[in-house]
Amino acid sequence: MSTSGPAARRLLAAAGIGGLVFLVVPLLVVVPMSFSSAKSLTFPPPGFSLRWYVAFFGDPRWMQAMWTSLAVALISSILALLLGGLAAYGLRRAPFRGEGVAEANFVAPLVIPTIIVAVALYLGFARVDLLGTFTGLVLAHTVLSVPLVIMVLTVAIRGFDLRIEQVAWSLGASRGTTIWKIVLPNLAPNVFAAWIFAFISSFDEVIVTNFIAGAWETVPKRMFNELILEINPTITAVATLLIAFTMLALAAVAILLQRTGKLQRTLL
Amino acid sequence: MNRVSLGFVAPLLLLMVAAFDLPLLYMLGLGFWSRKGGFTTEHYGNVLETTVYLKVLASTLRISLIATAANIAVGYPLAYWMRGLGPKAQLLAIGLVITPFWVSILVRTYAWIVVLGNGGLVNSGLLALGVTDEPVRFLYNELGVTIGMANVLLPFLVLPLFAAMLRIDDRLLQAAASLGAPRRTIFWKVFFPLTVPALLAGALLVFILSLGFYVTPAILGGNRVAMISNLLDKLVNEIPRWEQASAISTILLVLTLAIFAAYRHLERRAQT
């Protein structure tokens, strides 16, 4: 930058690097801690061991929580993708009156503080006996994933040339065929990204789950309650597995979007 | 609504109305529902009359303000520094800012127990350097909560601010320099004013998100730091006073939506 002298520039670099370190320090600490041989949370760890991973995979309650998390995330993300995908297409390709209101409604769960969604769903679900049920859990997670799907797919559909679809229609293809044979294959990377985002958001969800899940335990819910009660190093192993899982999923999205040259548009 | 769009949008609309809008409306109604039956505003009156509620409200606002200020103090220099980096370093920096964004908030909050605890990284460092004789208490007080929140929220400020800074034309700065302006003047009179809308928009976003924080105060505050969310948790899950919880949620909701409207307004200005 031409606007700063050498001393100022060094100061700025120190501040910038300091900021980055502050951001990533939690991740840099958790991963080595999970391989610690000690029961106490000392850093750096005194020795290497896999005991906390063994403890995690050997604990039936953690395993049960993992299967619940996976099932809820899988079902809710697919539901959000199906309904959200259709709606995103409708919003962009078949404009109607009140379209803005509908879109605002779909994105609202992301804008409204999650704690309010948690209170509202708790009260509403209590009223219709959905509290503590698997169905209620899936419904809540679907609602929370919908905004991500809508945001990713409305952008993608807007960027897809309408004339390509018009050509298909003019050749006699129905709307359904056009979506299935033309739109979907072209937007496959974006659809995949939307699905991964929905899946991760469900898999990480803790606040609403904590309120409405009753006896059902997901991995984040169990983690949260363990963290409040006591500090058990098994959680470092869970945390590391979560980080690895998230990074792999995002890397898959990034590679796919990079290949189709859509990375930058989806990220920013 | 014509028939084509109805077919596409209706399924999702049905789900959202049933599993989101109706519960929300039910909550809004419950806040005005008297236990004896009928309409009442007593739950709102309670908020103003009960010291505990006012205290929690005040500490929520205070923590949110401090976390937002800390975000600006760390985030502005970071975004400014990133603007001046080469393309490769810039991509790496963006990656490092986005990565924690996607990692579970539980994981990030948990890590601070390890970093800030009495035997943690920061305290062993301070002790070794002789800065303090005994460990500084970072955890289970507002300081720890604020640090944890600032960390979680930083990407929300840095990413839009950085994007806005990238849009500033370097030729503007060169023009100021060619007219003889000293570096400091160029920054404060040309560069900084151009980033103010984005900075304000980012700060408002961070502030809104702070108001609803639940996980970080629960874990790093150890029951000693209560924010609105933790109070709501108690009123719903422990004491059961649902009507009261509904009234407090409604206040938080209105507050959030008002600030969000201001944010959208600023964001639009920041993009032009």
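First the proteins, then the strands, lettered A, B, ... as listed; each starts at 1.
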A:Phe224 and B:Tyr214: aromatic ring centres closer than 6.0 Å?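 Here the rings of B:Tyr214 and A:Phe224 have centres that are less than 6.0 Å from each other.
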
Gap separating the CZ atom of B:Phe20 from the CG atom of A:Leu139, nearest 0.5 angstrom: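 Atom-to-atom, B:Phe20:CZ and A:Leu139:CG are 13.5 Å apart.
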
If you round to the nearest 0.5 Å, how far is CG of A:Leu12 from CE of B:Met82?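 Rounded to the nearest 0.5 Å, the CE-CG separation comes out at 12.0 Å.
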
Interface moiety of [X] toward chain B, non-hydrogen atoms closer than 4.5 Å:
X: A:Arg127; value: side chain
X: A:Ile200; value: side chain
X: A:Thr246; value: side chain
X: A:Phe211; value: both
X: A:Leu250; value: side chain
X: A:Leu28; value: neither
X: A:Leu241; value: neither
X: A:Ala108; value: both
X: A:Phe106; value: both
X: A:Val146; value: side chain
X: A:Thr240; value: neither

Greatest number of heavy atom pairs closer than 4.5 Å to chain A - which of [options]:
options: B:Ile248, B:Leu96, B:Val115, B:Leu12; value: B:Leu12
options: B:Leu15, B:Leu85, B:Leu78, B:Leu14; value: B:Leu78
options: B:Ile105, B:Val107, B:Val190, B:Leu22; value: B:Val107
options: B:Ser249, B:Pro77, B:Ser229; value: B:Ser229

Hey, mind stepping through A:Phe96 and B:Val9 against side chain to side chain contact (heavy atoms under 4.5 Å, CB included) and telling me if it holds? CA-CA 10 Å; A:Phe96 53 91; B:Val9 178; 3.7 Å; yes

Could you tell me which non-hydrogen atom of [X] sits nearest to which non-hydrogen atom of [Y], and how far apart they are?
X: A:Gly124; Y: B:Pro23; value: CA-CB, 4.2 Å
X: B:Asn151; Y: A:Pro26; value: OD1-CG, 3.7 Å
X: B:Ala218; Y: A:Ile228; value: CB-CD1, 4.1 Å
X: B:Pro100; Y: A:Leu27; value: CA-CD1, 4.2 Å
X: B:Leu106; Y: A:Pro220; value: CD1-O, 3.2 Å
X: B:Leu154; Y: A:Phe22; value: CD2-CD2, 3.9 Å

Portion of [X] that has a non-hydrogen atom of chain A nearer than 4.5 angstrom:
X: B:Asp233; answer: both
X: B:Ala176; answer: neither
X: B:Ala18; answer: neither
X: B:Leu25; answer: neither

Show the numbers, then the answer: is there a side chain to side chain contact (heavy atoms under 4.5 Å, CB included) between A:Arg175 and B:Phe8? CA-CA 11 Å; A:Arg175 248 189 204 265; B:Phe8 285 113; 4.1 Å; yes

Candidate list A:Val117, A:Leu121, A:Leu123, A:Ile112, test side chain to side chain contact (heavy atoms under 4.5 Å, CB included), partner B:Leu24, passing option: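 Testing B:Leu24 for a side chain to side chain contact (heavy atoms under 4.5 Å, CB included) against A:Val117, A:Leu121, A:Leu123, A:Ile112 leaves exactly one candidate, A:Ile112.
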
Test of understanding: with side chain to side chain contact (heavy atoms under 4.5 Å, CB included), list the residues that count as partners of B:Leu166, not counting sequence neighbours.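 Listed in chain order: B:Arg83, B:Gln90, B:Phe162.
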
Answer whether the closest heavy-atom distance between the side chains of A:Leu23 and B:Pro155 falls below 4.5 Å.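 SC-SC contact between A:Leu23 and B:Pro155 confirmed.
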
Less than 4.5 Å apart, any side-chain heavy atom of A:Val29 and any of B:Trp112?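 No, too far: nothing below the 4.5 Å cut-off.
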
CA sep, side-chain torsions, deciding dist, call: A:Ile115, B:Phe213, side chain to side chain contact (heavy atoms under 4.5 Å, CB included): CA-CA 8 Å; A:Ile115 186 72; B:Phe213 254 59; over 6 Å; no

